Participant: 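Following this message is one structure expressed as structure tokens.
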Number of protein chains: 2
Amino acid sequence: MAERKLNSTNYQNQVFLEEKCALNELIHLLSKRWLTEVMFSIEEGNVRFSNIKEDLKYISDNVLADRLKLLEKYKLIVRTEFAKESPTRVEYALTQTGETLSEWLGVLCNFAEKDMDFST
Amino acid sequence: MAERKLNSTNYQNQVFLEEKCALNELIHLLSKRWLTEVMFSIEEGNVRFSNIKEDLKYISDNVLADRLKLLEKYKLIVRTEFAKESPTRVEYALTQTGETLSEWLGVLCNFAEKDMDFST
DNA sequence: ACTTTTGCTAATAAAAAAGTGAGTCATGGC
DNA sequence: GCCATGACTCACTTTTTTATTAGCAAAAGT
């Protein structure tokens, strides 16, 4: 969506952390707003751009497009294009890695609900 | 550190997501830069402000102070002040919840290293 | 009396992320 | 020929997050 300044301390600190531990890369990815919800939405059967958009009612087109690209880039989803149809239909599906991640996020969600107190 | 604009779409979307699922709150917390590393550092025995600062060499004072406050707020760490000493010594320790979270993050870290490919 | 130490805070600037609104492209039906 | 549809893309603005720099308080050492 936008480019990062490679010589900023901000960027260099991020690189430092990501090199220290892959968890930082994963969290950085997961923290992109709507990203996990897009995954879950696909998992629940909203496999087309317009379906997801409808499901996550406040997401905007460009953010959804970006999140789909990220998920595809990191092989958490796969994109299938039906070019013969018109307008071209595109469908998304979770990969095996995506399914596994989704399960771990489920566990984490459970932890968040049971053990954490976000009420304040 | 700074205040959020309560009437912005940005904020309202965040609220929408956090109300939808506590996982979004947890991820939002975990995504604050250095936060998990501060936890891990404390866990490894760097229990004082200056120890952590030394361990995470590029973290700045105000960010560290903020992250410690957040961790304390969400009861992932406890702060103990030794006021009789001078200058006042302060020590941090993980709570039970903190320990549990740390374990789950370990699992996630393992997933990130084994199943994800961040090389591109 | 002055300096040092520890554990911070506050103001501001820089960078990154998210949101807004419009536009594109290749069909295919009217 | 004109409009609609689906899945996006682009330029720009706003909001949020991070980093930079400076400073503070209380007691103890010199």
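Because the structure is predicted, anything quoted here is derived from the model rather than measured. Here is the naming used below: chain letters follow the sequence lines, and residue numbers restart at 1 for every chain.
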Participant: Looking at B/Arg89 and B/Glu91, is any side-chain nitrogen of the basic one under 4.0 Å from a carboxylate oxygen of the acidic one?
Facilitator: yes

Participant: Does a side-chain N-to-carboxylate-O contact under 4.0 Å join A/Glu81 and A/Arg79?
Facilitator: yes

Participant: Round to a whole Å and report the spacing from CD of A/Glu54 to C1' of D/dG6.
Facilitator: 13 Å

Participant: Could you check B/Asn7 against B/Gln12 for side-chain hydrogen bond (donor to acceptor under 3.5 Å, both in side chains), going step by step and ending with a plain yes or no?
Facilitator: CA-CA 7 Å; B/Asn7 60 338; B/Gln12 280 160 15; over 6 Å; no

Participant: Can you name the nearest heavy-atom pair linking B/Ile77 to B/Tyr92, along with the distance?
Facilitator: CD1-CD2, 3.6 Å

Participant: Under 4.0 angstrom, heavy atoms only, what part of the nucleic acid is B/Tyr92 near: base, sugar-phosphate, or nothing?
Facilitator: sugar-phosphate

Participant: Between A/Gln14 and A/Phe49, just flag the one whose closest nucleotide in DNA chain D comes earlier from the 5' side.
Facilitator: A/Phe49

Participant: Nearest whole angstrom, please: distance from the C1' of D/dC8 to the CZ of A/Arg67.
Facilitator: 15 Å

Participant: Using atom NZ of A/Lys32 as one end and atom C1' of C/dA18 as the other, report the distance to the nearest whole Å.
Facilitator: 10 Å

Participant: Does A/Trp34 make a side-chain N or O approach to OP1 or OP2 of C/dA17 shorter than 4.0 Å?
Facilitator: no

Participant: For the pair made of CG in B/Leu68 and P in C/dC8, what is the distance, rounded to whole Å?
Facilitator: 7 Å

Participant: Categorize A/Lys53 for me: base, sugar-phosphate, or nothing, with a 4.0 angstrom heavy-atom threshold over every strand shown.
Facilitator: nothing

Participant: What nucleic acid atoms does B/Asn10 come within less than 4.0 Å of, heavy atoms only: base, sugar-phosphate, or nothing?
Facilitator: sugar-phosphate

Participant: Identify whether any heavy atom of B/Lys84 sits under 4.0 Å from a base atom; if not, whether one sits that close to sugar-phosphate; answer base, sugar-phosphate or nothing.
Facilitator: nothing

Participant: Find the distance B/Leu35:CG to D/dA19:P and express it as a whole number of Å.
Facilitator: 13 Å

Participant: Using whole Å, report how far CD1 of B/Ile42 lies from P of C/dG7.
Facilitator: 12 Å

Participant: First locate atom CG of B/Asn24, then atom CD of B/Glu18, and finally report the distance between them rounded to the nearest 0.5 Å.
Facilitator: 7.0 Å

Participant: Classify the nucleic acid contact of B/Ser60 as base, sugar-phosphate or nothing, counting any heavy atom under 4.0 Å across all strands shown.
Facilitator: base

Participant: Please compare A/Arg79 and B/Val63 by the position of their nearest nucleotide in DNA chain D and report the one closer to 5'.
Facilitator: A/Arg79

Participant: Tell me the interatomic distance from A/Arg4, atom CZ, to C/dA17, atom C1', rounded to whole angstroms.
Facilitator: 10 Å

Participant: Is A/Asn62 side chain donor-acceptor paired with the C/dT20 base, going by distance under 3.5 Å alone?
Facilitator: yes

Participant: Are A/Arg33 and C/dG19 close enough that a side-chain N or O sits under 4.0 Å from OP1 or OP2?
Facilitator: yes

Participant: Starting at CG of A/Asn46 and ending at P of D/dA7, how long is that distance when rounded to a whole Å?
Facilitator: 12 Å

Participant: When you get a sec, tell me which of C/dT9, D/dA19, C/dT6 is the closest nucleotide to the side chain of B/Pro87?
Facilitator: C/dT6

